[in-house]
Amino acid sequence: MKKLGLLIVGFIIGAVLTYYFCPREAEMITEMEIVKPKGVISVAEAKVLNDNWTKSRKSVLDSITERSVGKEDNRSTWWPIDDVEKYIGYAKSEASKSGNTLTGLRVYLGVYGSSAGESKKDLTTMFIVPTGEKSTLEASFINLSLQNNNDLPIPPLNEGGGSPPPYNP
């Protein structure tokens, strides 16, 4: 009977220690530090970049597009944040399955062909391609891979909403 009492006290002490020393999911979320990533620019700098593009490329591209497509081309693509987050999770999973590590995303310009349907026919699109490198052994502390940030053979994300942004000359 004495051993059963010690066993019960041991379980109680273990439960109490587990409760106080094991992190809970809600606490882990609030403890995450939000860090501004490198490469973030100000809204003013982005406006200058966009204005520079408009000044140096818009008229030339519009004249080509008007002749070949007959309507204004896309200048941007928009994806819902939920789709982007899901895609990043999908890309990480697919990279891992193929022995790679996801290291980034690359955005490419493309053009829908003549078979894309009347609304997209011959218009510009953008698509996101995951980049990465071959995974190294966990025990290795030196990465000798020369293949950093190559496009990974994972289906890209397309089908964002494309439209010309407001143009204010």
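At least one side-chain heavy atom of Leu102 sits under 4.5 Å from a side-chain heavy atom of Leu152. In this structure, the side chains of Asp151 and Arg106 come closer than 4.5 Å at one or more pairs of heavy atoms. At a threshold of 4.5 Å between non-hydrogen side-chain atoms, the residues Ile128 and Pro156 do not count as touching.
For Lys55 and Asp51, the salt-bridge test fails: no basic side-chain N is under 4.0 Å from an acidic carboxylate O.
Summarising the local packing, CZ of Arg57 is surrounded by 12 or fewer heavy atoms from other residues, nucleotides or ligands at distances under 6.0 Å.
No path of Ile, Leu, Val, Met, Phe, Trp and Tyr side chains, each step under 4.5 Å between heavy atoms, connects Phe127 with Leu157, placing them in separate hydrophobic clusters. Following chains of ILVMFWY side-chain contacts shorter than 4.5 Å, one can reach Val107 starting from Ile88, so the two form part of one hydrophobic cluster. Both Val84 and Met126 belong to a single network of hydrophobic side chains, linked directly or stepwise wherever heavy atoms of I, L, V, M, F, W or Y lie under 4.5 Å apart.
Annotation for Tyr87 and Pro155: closest pair OH-O, 2.7 Å, computed over non-hydrogen atoms.
For the side chain to side chain contact (heavy atoms under 4.5 Å, CB included) test, residues two or more places apart in sequence or in another chain that qualify with Asp122 are Val69, Ser114.
Thr131 contributes a side-chain N or O that, together with a main-chain N or O of Gly104, makes up a donor-acceptor pair within less than 3.5 Å. In this structure a side-chain-to-backbone donor-acceptor pair under 3.5 Å is present from Trp79 to Asn158. Judged by distance alone, with hydrogens and angles left aside, the side-chain atoms of Glu45 form a donor-acceptor pair with the main-chain N or O of Ser42 at under 3.5 Å. For Asp73 (side chain) and Leu123 (main-chain N/O), no donor-acceptor pair under 3.5 Å exists by modelled atom type. Looking only at distances, no side-chain donor or acceptor of Ser96 sits under 3.5 Å from a matching main-chain atom of Ser93.
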Take Arg75 and Trp53 through the test side-chain contact (heavy atoms from CB on, under 4.5 Å) and record every step on the way to the result.
-> CA-CA 10 Å; Arg75 282 189 54 185; Trp53 184 93; 3.0 Å; yes
Apply side-chain contact (heavy atoms from CB on, under 4.5 Å) to the pair Tyr90 and Ile154, showing each step before the final yes or no.
-> CA-CA 9 Å; Tyr90 166 77; Ile154 296 171; 3.9 Å; yes
Does the pair Ile41 and Leu49 meet the rule for a side-chain contact (heavy atoms from CB on, under 4.5 Å), with working shown?
-> CA-CA 10 Å; Ile41 62 173; Leu49 293 174; 3.7 Å; yes
